[in-house]
Amino acid sequence: EATRATNGLLRVRKLYSADKTDFTVVHMLTKAERDTLMAFYGANATAQFSFDWPGDGSTYTCRFAAAPQFSRRGAYYRATERLAEV
């Protein structure tokens, strides 16, 4: 957490022992896949789940940081999910 002291100097504190990762996942889905994602979100909006990140091949325990967002692209939907490591 970064804050400014009364003299204007930057003060930084680490509030936890290990760094955590936030993910923004963007991908294209069919309508059926979008419906499946929304059903998963509805059942697990506050639950922890395992997330395999292809960027480094690691598995992270995450939660949704926000509801999935969609925009229509012809027959597909562009989905954006924000995940936060627990």
Side-chain angles (χ1 to χ4, degrees):
E1 179 181 338
T3 57
R4 289 275 174 202
T6 55
N7 64 359
L9 294 175
L10 182 63
R11 178 178 162 213
V12 179
R13 323 186 277 165
K14 192 167 186 174
L15 301 175
Y16 43 86
S17 60
D19 289 336
K20 301 293 181 174
T21 305
D22 292 333
F23 300 94
T24 301
V25 181
V26 180
H27 50 114
M28 300 301 287
L29 301 174
T30 65
K31 182 181 182 316
E33 292 168 334
R34 182 200 67 172
D35 294 344
T36 300
L37 174 59
M38 286 310 296
F40 180 80
Y41 175 75
N44 299 286
T46 60
Q48 298 179 13
F49 55 90
S50 294
F51 173 65
D52 297 326
W53 181 243
D56 62 8
S58 296
T59 300
Y60 296 88
T61 302
C62 295
R63 288 186 175 166
F64 285 100
Q69 301 295 310
F70 301 97
S71 60
R72 186 93 186 247
R73 307 286 177 162
Y76 293 92
Y77 293 84
R78 181 179 185 266
T80 304
E81 296 97 39
R82 290 184 31 231
L83 308 177
E85 185 180 10
V86 177

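In what follows, residues are counted from 1 in the order of the sequence shown.
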*Asks:* Applying the 4.5 Å side-chain criterion to the ILVMFWY set and letting contacts propagate, would L29 and F49 be lumped into a single cluster?
*Replies:*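 Both belong to a single hydrophobic cluster.
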*Asks:* Quick one: pull up CZ in R78 and CZ in R72 and give me the separation to the nearest 0.5 Å.
*Replies:*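 It is 15.5 Å, given to the nearest 0.5 Å.
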*Asks:* Measuring from atom CD of E81 to atom CZ of F40, what distance do you get when rounded to the nearest 0.5 angstrom?
*Replies:*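 Between atom CD of E81 and atom CZ of F40 there are 10.0 Å.
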*Asks:* Classify the ring geometry of F64 against Y41: parallel below 30°, tilted from 30° to 60°, perpendicular beyond 60°.
*Replies:*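 Ring orientation, 0 to 90° scale: perpendicular.
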*Asks:* Return the OG1 to CZ distance between T3 and R11, rounded to the nearest 0.5 Å.
*Replies:*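 Going from the OG1 atom of T3 to the CZ atom of R11 covers 5.0 Å.
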*Asks:* Are L10 and R4 close enough that some pair of their side-chain heavy atoms sits under 4.5 Å apart?
*Replies:*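 Sidechains of R4 and L10: in contact.
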*Asks:* Membership question, hydrophobic clusters at under 4.5 Å side-chain separation (ILVMFWY): are M28 and Y77 in the same one?
*Replies:*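 Result: no, two separate clusters.
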*Asks:* Mind checking what makes side-chain hydrogen bond (donor to acceptor under 3.5 Å, both in side chains) contact with T30, not counting sequence neighbours?
*Replies:*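 Here the qualifying residues are E33.
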*Asks:* Hey, are the side chains of R82 and D22 touching, using non-hydrogen atoms and a 4.5 Å cut-off?
*Replies:*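 No, too far: nothing below the 4.5 Å cut-off.
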*Asks:* Taking R73 for its side chain and A75 for its backbone only, find out whether a donor-acceptor pair lies under 3.5 Å.
*Replies:*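 Side chain of R73 to backbone of A75, a donor-acceptor pair under 3.5 Å: no, none is there.
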*Asks:* Mark yes when over 12 heavy atoms from residues, nucleotides or ligands other than Y60 sit less than 6.0 Å from its OH; otherwise mark no.
*Replies:*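 Yes, OH of Y60 has more than 12 neighbouring heavy atoms, counting only those of other groups under 6.0 Å.
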*Asks:* Within the structure provided, determine whether L37 and F70 are in side-chain contact (heavy-atom separation under 4.5 Å).
*Replies:*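 When only atoms from C-beta onward are counted, F70 and L37 do touch, with a gap below 4.5 Å.
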*Asks:* Where is the tightest heavy-atom contact between C62 and V86, given as atom of each residue plus distance?
*Replies:*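 It is C-CG2, 3.8 Å.
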*Asks:* Out of curiosity, does Y76 fall in the hydrophobic cluster containing M38 (side-chain heavy atoms, cut-off under 4.5 Å, transitive links)?
*Replies:*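 Not linked; separate clusters.
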*Asks:* For atom CZ of R34, is the number of surrounding heavy atoms from other residues, nucleotides or ligands below 6.0 Å larger than 12?
*Replies:*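 Enclosed.
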*Asks:* Do F51 and V25 come close enough that some side-chain heavy atom pair is under 4.5 Å?
*Replies:*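 Yes, side chains in contact.
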*Asks:* Looking at T46 and R63, what are the two nearest heavy atoms and their distance?
*Replies:*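 Looking at all heavy atoms of both residues, the closest pair is O-NE, 3.4 Å.
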*Asks:* Under the side-chain hydrogen bond (donor to acceptor under 3.5 Å, both in side chains) test, which residues partner T59, sequence neighbours left out?
*Replies:*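 Partners of T59 under the side-chain hydrogen bond (donor to acceptor under 3.5 Å, both in side chains) test: D52.
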*Asks:* Residues in side-chain hydrogen bond (donor to acceptor under 3.5 Å, both in side chains) with D35, at least two apart?
*Replies:*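 Result, side-chain hydrogen bond (donor to acceptor under 3.5 Å, both in side chains) vs D35: K31.
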